[in-house]
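Working notes for the structure below.
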Amino acid sequence: MVQSAVLGFPRIGPNRELKKATEAYWNGKTSVEDLLKVGKEIREQNWKLQKQAGVDIIASNDFSFYDQVLDLSVLFNVIPERYTKYNLAQLDVLFAMGRGLQRKATDSEPAVDVTALEMVKWFDSNYHYVRPTFGKNLTFKLNGQKPVDEFLEAKALGIQTRPVLVGPVSYLHLGKADKDNLELDPISLLDQLLPLYTEILQKLAAAGATEVQLDEPTLVLDLPANVQAAVKKAYTYFGQQSGLPKITLASYFGTAVPNLDALKGLPVAGFHFDFVRAPEQINDVIAAIGANQTLSVGIVDGRNIWKNNFAKSTEFVNQAVAKLGADRVVVATSSSLLHTPVDLENEAKLNPELKNYFSFATQKLGEVVTIAKNVSGQDVSAALKANAEAIAARANSSFINDQAVKDRVASIDAKMSTRAAPFPQRLEEQKPVFKLPLFPTTTIGSFPQTKDIRINRNKFNKGQLSAEEYEKFINSEIERVIRFQEEIDLDVLVHGEPERNDMVQYFGEQLKGYAFTTNGWVQSYGSRYVRPPIIVGDLSRPKAMSVKESVYAQSITKKHVKGMLTGPITCLRWSFPRDDIDQQTQAYQLALALRDEVNDLEAAGIKIIQVDEPAIREGLPLRAGAERSAYQVWAAEAFRVATSGVSNKTQIHSHFCYSDLDPNHIKALDADVVSIEFSKKDDANYIAEFKDYPNHIGLGLFDIHSPRVPSKEEFISKIDTILKTYPAEKFWVNPDCGLKTRGWEETRLSLTHMVEAAKYFREQY
Ligand code: GLN
Ligand code: ZN
């Protein structure tokens with residue numbers, strides 16, 4: 001019999017119960033007991049749901065109050081001293097590491113002021129983990145036994161689970177040395193860590209766990225030889241210990257083939273591989289696994305929302321069964337289902353035709369079970385028939401196919417993706433149009449999204465405000481932002497984006513080919529969840545999306561107002577993409593829609609247009625090689641298709657954040673001016689990397705995630721440092737990113753100081 005397995009289930013609750021409970025606890029509105037209770041209820045619900053769906057192998061310890069990697073840091077006592085000195089309760093230490101903690105002194109407790117640990121994207125997903133940070137005075141020991149407690153909790157409900165932990169090599173490799181310990185290579189801590197893993201695994205076995213899942217997703221990266229050796233060492237070590245549960249070693253989000261040598265002969269019970277992302281690895285992994293080892297076939301997509309194709313998956317799994325026998329094959333989700341929304345049944349407003357093409361986490365449970373049954377020869381004909389009908393309907397749906405869009409993508413040529421003249425000539429033509437001073441000042445686009453804005457948007461969405469009333473309100477917000485920018489004397493103004501709920505959703509809602517959920521939340525980090533829109537079909541722009549607001553803003557000021565759009569790659573990356581055509585084609589479709597918008601803005605008299613691409617770095621394929629090189633070419637080309645339809649005199653800006661950028665990569669976008677997140681990178685080497693960047697650039701001068709207000713002197717000293725490496729004539733002055741999450745008070749002060757600093761330097765040059 002082929003078994004079914006789920007590698008992890010979303011822990012946010014069907015109606016974001018965890019977010020509500022966590023934030024209420026943070027705000028001091030509820031007790032820790034209340035929070036723990038909600039966590040327990042969600043776990044119970046999740047296990048029961050999976051049991052009822054007939055899943056054979058159900059994960060435990062996939063729950064977390066913040067992040068599963070952070071949980072391990074606390075479990076192993078990898079807690080920098082700055083978090084332990086306040087005698088906080090363990091859960092509060094965990095939250096302080098995840099999000100920082102600032103608390104005034106009270107009669108009984110001293111003040112607390114500690115920043116968060118670094119937060120990093122989990123591979124190429126939009127989930128962020130809290131980076132293990134290894135300080136000097138590290139004492140590895142077990143703090144509690146969360147995995148055991150949660151295993152026992154499920155057991156008490158009569159549900160046998162397979163606890164999941166991030167494995168030791170990935171845990172170390174994804175971590176970093178702390179500031180006080182920079183010479184440390186985290187992987188060198190393996191010897192100290194393995195006994196702790198052993199201890200927790202033995203405790204799990206003693207509690208009744210027969211198997212565990214150790215996640216080693218770093219196996220899909222390019223690994224240096226010492227990390228490959230660490231994989232061998234760790235799992236050989238576990239094989240020598242007694243009293244451990246059976247281990248399934250899981251990799252996901254790509255192919256593990258380049259690291260397969262490290263896996264061969266390891267004494268584990270089985271392996272899991274992601275065949276959604278890398279089906280081509282099937283023969284290699286089958287050849288590599290040992291005579292009695294099992295193969296968990298990740299075939300139900302843990303990263304996307306499309307209904308599985310049962311016929312295709314069955315055929316795929318059968319290849320493994322033919323070689324290994326049914327008892328050695330498991331049908332599984334490709335990764336944890338953490339990255340998918342909880343339940344499609346919560347989508348009352350979704351068009352029923354589209355709904356029939358989707359599958360969220362809850363529906364995916366049924367998918368692994370059905371495929372496993374089908375491969376085992378059980379009768380699931382009714383499910384197969386319904387599935388085949390849905391798959392066929394989607395392929396031929398009028399929602400999906402638009403010949404005009406396909407033809408237009410096919411017509412993209414070099415001329416469409418190249419500005420009429422190279423940058424130096426454009427610059428000369430632009431100078432007399434803009435007459436900008438040295439050190440021109442600007443912002444990245446959004447201004448504070450106040451409560452008032454959200455209330456009015458809600459009213460409009462509920463029909464309590466007419467379109468005219470809402471437009472009037474938005475215009476008054478735009479006017480406020482314009483007047484403010486004039487008052488503090490910024491050079492290039494923005495309209496402030498008050499009309500936008502989200503930088504991708506706002507455009508997606510106006511494009512044909514997108515669908516939206518009302519409750520399709522996915523955890524991004526901690527209590528922050530996102531609701532990615534879904535690209536369902538060929539994309540096109542029925543009418544202008546942003547022209548009205550930009551034109552209004554420009555009409556009330558003599559200064560130049562930047563038009564503001566979200567770029568094709570960011571729209572793609574922050575949506576659930578289609579799985580029936582490649583991402584490149586989807587990016588080009590978006591690029592063409594945006595090109596029309598850029599051209600419309602220009603025609604309406606907007607002379608500076610910014611096209612944001614904060615997600616361009618995260619789209620970079622995880623491994624070096626052909627796919628990555630190809631991405632760099634097509635991602636840049638998509639941006640240029642969107643922005644090359646304008647005259648030399650129109651100035652194109654772009655903006656990047658959230659990542660370490662390679663200046664060589666953004667060079668290919670050929671934007672006239674780029675702004676990048678920079679304030680936390682007080683690193684001369686990083687500035688030097690941009691020295692040869694040919695076009696103009698604004699290195700972000702203050703952190704917009706923090707309410708802290710830098711003084712004029714602080715700005716001056718920052719600019720001074722950068723000027724040691726970076727030429728004044730290319731230098732723009734701006735914040736790290738948009739100001740939408742900030743309050744007005746700190747925004748006013750920070751920007752005022754920033755403009756004063758720019759003026760100071762103008763006098764020097
Ligand atoms: N223009 C957007 C803003 O200012 C850019 C946001 C982003 O880069 N994440 O909010
Ligand atoms: Zn940004």
Side-chain angles (χ1 to χ4, degrees), residues 12-13 16-42 63-67 69-119 130-146 149 178-180 448 450-451 454 525-529 679-680 702-711 713-714 741-750 753:
I12 61 177
R16 290 186 290 162
E17 286 81 356
L18 187 61
K19 177 190 180 74
K20 291 166 195 161
T22 314
E23 292 181 351
Y25 172 69
W26 289 342
N27 295 332
K29 295 209 181 93
T30 53
S31 67
V32 71
E33 288 73 30
D34 294 331
L35 174 58
L36 295 176
K37 188 164 156 265
V38 170
K40 192 170 174 184
E41 283 164 3
I42 292 175
F63 178 83
S64 175
F65 280 108
Y66 204 90
D67 162 45
V69 182
L70 178 59
D71 286 343
L72 273 191
S73 294
V74 171
L75 180 69
F76 296 141
N77 202 38
V78 180
I79 306 176
E81 270 176 332
R82 54 190 178 278
Y83 301 100
T84 54
K85 64 180 187 202
Y86 300 107
N87 283 323
L88 298 170
Q90 186 169 309
L91 191 59
D92 293 331
V93 169
L94 182 135
F95 287 141
M97 292 165 78
R99 59 194 293 268
L101 182 62
Q102 216 168 18
R103 203 152 75 185
K104 292 209 179 79
T106 62
D107 293 343
S108 51
E109 288 168 339
V112 180
D113 189 0
V114 61
T115 56
L117 289 177
E118 189 185 358
M119 201 169 68
V130 178
R131 196 153 191 198
T133 304
F134 304 102
K136 222 180 194 92
N137 299 317
L138 207 60
T139 325
F140 281 110
K141 63 166 191 191
L142 286 187
N143 273 324
Q145 50 164 18
K146 175 182 180 287
D149 295 341
D178 206 354
K179 292 189 281 270
D180 63 355
T450 56
K451 209 168 164 189
R454 266 175 272 139
Y525 60 87
S527 72
R528 181 164 166 80
Y529 309 161
S679 72
K680 275 176 282 185
F702 70 93
D703 179 11
I704 52 82
H705 295 110
S706 161
R708 204 176 151 266
V709 174
S711 64
E713 291 65 38
E714 198 176 321
T741 56
R742 293 274 54 83
W744 264 105
E745 193 50 35
E746 67 253 22
T747 297
R748 168 182 296 276
L749 289 170
S750 298
H753 297 165

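- Minimum heavy-atom separation, Val130 to Asp67: N-OD2, 2.8 Å.
- Val709 places a side-chain heavy atom less than 4.5 Å from the side chain of His753.
- Under the 4.5 Å side-chain criterion, counting only non-hydrogen atoms from C-beta, Tyr83 is not in contact with Val74.
- For Glu17, the side chain to side chain donor-acceptor pair (under 3.5 Å) criterion is met by no residue, not counting sequence neighbours.
- Across every non-hydrogen atom of Pro80 and Val78, the tightest pair is CD-O, 3.8 Å.
- Between Ser527 and Trp26 the shortest side-chain heavy-atom distance falls below 4.5 Å.
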Under 3.5 Å donor-acceptor pairs involving side-chain atoms of residues 30-39, not counting sequence neighbours:
unit_1 : atom_1 : unit_2 : atom_2 : d
Thr30  : OG1    : Tyr25  : N      : 3.3
Ser31  : OG     : Glu33  : N      : 3.4
Ser31  : OG     : Glu33  : OE1    : 3.3
Ser31  : OG     : Asp34  : N      : 3.2
Ser31  : OG     : Asp34  : OD2    : 3.2
Asp34  : OD2    : Ser31  : N      : 3.1

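- For the atom pair CH2 (Trp744) and OG1 (Thr450), the distance works out to 9.0 Å, reported to the nearest 0.5 Å.
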Distance-only donor-acceptor pairs under 3.5 Å for side chains of residues 95-110, two or more places apart:
unit_1 : atom_1 : unit_2 : atom_2 : d
Thr106 : OG1    : Ser108 : N      : 3.4
Thr106 : OG1    : Glu109 : N      : 3.0

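- Annotation: the span from Glu41 atom CD to Leu18 atom CG amounts to 11.5 Å, rounded to 0.5 Å.
- Every side chain to side chain donor-acceptor pair (under 3.5 Å) that Arg742 has, sequence neighbours left out, goes to Glu746.
- When every heavy atom of Ile704 is checked against every heavy atom of Thr741, the shortest pair comes out as O-OG1, 3.9 Å.
- Listed by first then second residue, pairs satisfying salt bridge (charged side-chain N to carboxylate O under 4.0 Å, His left out) with a partner in residues 136-146 read Asp71-Lys146, Lys136-Glu183, Lys146-Glu150, not counting sequence neighbours.
- Residues passing the salt bridge (Lys or Arg N to Asp or Glu O under 4.0 Å) test with Glu714 are Arg708, sequence neighbours excluded.
- Checked against side chain to side chain donor-acceptor pair (under 3.5 Å), Ser750 has no partners two or more places apart in sequence or in another chain.
- Listed by chain and residue number, nothing satisfies the side chain to side chain donor-acceptor pair (under 3.5 Å) test with Asp180 (two or more places apart in sequence, or in another chain).
- Here OG1 of Thr22 is found 10.5 Å from CG of Asn27. Values are rounded to the nearest 0.5 Å.
- Residues that satisfy the salt bridge (Lys or Arg N to Asp or Glu O under 4.0 Å) test with Arg454, not counting sequence neighbours, are absent from this structure.
- Among residues two or more places apart in sequence or in another chain, the salt bridge (Lys or Arg N to Asp or Glu O under 4.0 Å) test is passed with Asp178 by Arg82.
- When the shell of 6.0 Å around CG of Asn87 is examined, it contains 12 or fewer heavy atoms from other residues, nucleotides or ligands.
- For Tyr66, there are no ring pair (Phe, Tyr, Trp, His ring centres under 6.0 Å) partners two or more places apart in sequence or in a different chain.
- Asp92 and Leu88 get closest at one heavy-atom pair: CB-CB, 4.0 Å.
- Residue pairs meeting the salt bridge (charged side-chain N to carboxylate O under 4.0 Å, His left out) criterion with at least one member in residues 20-30, sequence neighbours excluded: Lys19-Glu23.
- When all heavy atoms are compared, the tightest approach of Gly144 to Leu75 is O-CD1, 3.6 Å.
- Counting only distance, with no hydrogens or angles, the side chain of Asn77 and the backbone of Thr139 share a donor-acceptor pair below 3.5 Å.
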